[in-house]
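Order of the sequence lines fixes the chain letters, A, B, ..., with proteins taken first and strands second; residue numbering starts at 1 for each chain. In what follows, every heavy atom counts, from backbone to side chain, and hydrogens, waters and symmetry copies are set aside.
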Protein chains: 2
Amino acid sequence: MTTQRRVLIETMQEAKEHLDVSSLLALARKREPGIDRATVYRTIEKLKKFGLVDELDLMHMNGEKHYYEVKPKRDHVHLACLQCGQVEEFSSPLFEQLKREITEQTGFEILVTRLEVGGRCSVCRNSNKR
Amino acid sequence: MTTQRRVLIETMQEAKEHLDVSSLLALARKREPGIDRATVYRTIEKLKKFGLVDELDLMHMNGEKHYYEVKPKRDHVHLACLQCGQVEEFSSPLFEQLKREITEQTGFEILVTRLEVGGRCSVCRNSNKR
DNA sequence: TGCTTGTTGCGACTAAGTCGCATCTAGAAG
DNA sequence: CTTCTAGATGCGACTTAGTCGCAACAAGCA
Ligand SMILES: [Zn+2]
Ligand SMILES: [Zn+2]
Ligand SMILES: [Zn+2]
Ligand SMILES: [Zn+2]
């Protein structure tokens with residue numbers, strides 16, 4: 001456990017939104033100025049392997065970046081509004097049930113999941129009908 | 001509808017596996033040799049917008065590529081084995097039910113979904129126990 | 001307090017994806 | 001069938017995301 005890793009994890013935990021690598025780097029540098037881009041990539045890689053962070057695309061609404069969040073106790077769906085860019089989270093027992101079904105029916109041992117949805121949020125649907 | 005687009009769509013339809021941009025380009029060039037990388041990107045972009053193809057990460061098992069497939073009638077889950085690299089597909093009424101629940105409870109209008117799972121397939125689980 | 005192993009920073013690199021522009025073509029209109 | 005035009009393509013240069021080898025460094029154990 002190094003200073004850099006601690007800082008990166010804390011930064012992700014305290015962020016209210018999902019961070020891409022460059023935002024994460026920028027935020028982390030406020031605490032630990034010398035920290036390097038390569039370290040961020042390497043750390044994320046490790047954290048993913050250990051199942052401590054999840055990776056997201058958020059439907060690539062802003063270019064090809066990937067986004068990261070510390071893995072929540074309960075997996076949640078990410079709902080990305082393609083119109084306003086807002087990202088909502090939603091969790092449901094149905095999702096847990098679906099995962100159980102997958103394992104039962106296919107014998108596949110699930111280690112990570114990633115459920116992302118793109119569309120229009122209720123706000124955008126109401127503001128401009130159709 | 002141009003020749004290039006037709007060729008790209010046909011190539012994706014006939015492919016048995018999920019293709020990344022460079023494999024798609026290579027295959028498409030067997031039919032239409034002059035076809036350009038930029039055209040592939042631009043076409044995929046359009047097809048995604050029209051809801052004709054889905055984009056996948058397949059857990060980034062082989063670098064940062066993205067993979068594409070023509071959108072199936074029924075959405076399916078992609079199960080990517082992190083050990084052998086095999087990709088299984090699985091569809092379930094539970095998934096449809098979950099999507100309905102999302103729309104009902106959040107008012108979010110779903111246009112695309114992407115459910116990917118990483119783990120160990122039954123074959124790998126049986127061959128090397130633990 | 002020193003030792004060892006794994007981590008970091010750096011810089012150069014590869015690969016993925018984008019863009020402007022001149023040329024070309026699908027397909028509509030005459 | 002010919003002409004016209006909007007939109008698509010090819011090209012090449014470019015940007016951005018992610019990787020890697022290596023020397024210097026630090027965590028944490030003896
Ligand atoms: Zn919205
Ligand atoms: Zn989230
Ligand atoms: Zn991705
Ligand atoms: Zn496997």
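Under the 4.5 Å side-chain criterion, counting only non-hydrogen atoms from C-beta, Tyr68(B) is not in contact with Asp54(B). For the pair Leu98(B)/Ser92(A), a side-chain contact is recorded, criterion being any heavy-atom separation below 4.5 Å from C-beta on. Put simply, the side chain of Asp75(B) does not reach to within 4.5 Å of the side chain of Arg114(B), judged on heavy atoms.
Position along DNA chain C of the nearest nucleotide to Arg29(A) versus Arg6(B) favours Arg29(A) as the more 5'-ward residue. Annotation: of the two residues near DNA chain C, Met1(B) and Tyr41(B), the 5′-most nearest-nucleotide partner is Tyr41(B). Across the interface with DNA chain D, nearest-nucleotide mapping of Thr2(A) and Glu45(A) shows Glu45(A) to be the residue nearer the 5′ end.
Counting to the nearest Å, the P atom of dA17(D) and the CG atom of Asp20(B) are 20 Å from each other. Distance NE2 (His60(B)) to P (dA16(C)): 11 Å, rounded to an integer number of Å. Remark: C1' of dA15(C) and CD of Glu64(A) are 13 Å apart, rounded to the nearest angstrom. Distance CD (Glu32(B)) to P (dG10(D)): 7 Å, rounded to an integer number of Å. Distance Leu24(B) CG to dA16(C) P: 13 Å, rounded to the nearest Å. Taking atom CG of Leu25(A) as the reference point, atom P of dT16(D) lies 15 Å away to the nearest angstrom. For the pair Ile35(A) CD1 and dT7(C) P, the interatomic distance rounds to 14 Å; values are reported in whole Å. The separation between Tyr67(A) atom OH and dT16(D) atom C1' is 13 Å, rounded to whole Å.
Residue Lys65(A) places at least one side-chain N or O closer than 4.0 Å to OP1 or OP2 of dA17(D). Taking 4.0 angstrom as the limit, Lys46(A) places a side-chain polar atom (N or O) nearer than this to OP1 or OP2 of dT7(C). For Gln4(A), a side-chain nitrogen or oxygen approaches OP1 or OP2 of dG9(C) to under 4.0 Å. Dashed line: the shortest gap from a side-chain N or O of His66(A) to OP1 or OP2 of dG18(D) is under 4.0 Å.
For His78(B), the ring pair (Phe, Tyr, Trp, His ring centres under 6.0 Å) criterion is met by His18(B), His76(B), not counting sequence neighbours.
For dG9(C), its base sits under 3.5 Å from the side chain of Arg42(A) at one donor and acceptor pair at least.
Closest to the side chain of Asp36(A), out of dG10(D), dA27(D), dC10(C), is dC10(C). Taking the side chain of Thr43(A) as heavy atoms from C-beta on, and the options dT8(C), dG18(D), dG17(C), the nearest nucleotide is dT8(C).
Classification of the His66(A)-His66(B) ring pair by plane angle, with boundaries at 30° and 60°, yields tilted.
Among the protein residues, Gly34(B) comes within range of the sugar-phosphate backbone only, with heavy atoms under 4.0 Å from sugar or phosphate atoms but none that close to a base. At a threshold of 4.0 angstrom between heavy atoms, the contacts of Ser22(B) with the nucleic acid are absent. Heavy atoms of Arg37(A) sit under 4.0 angstrom from at least one base atom.
By the 6.0 Å and 45° rule, Lys46(B) does not stack over the aromatic ring of Phe50(B).
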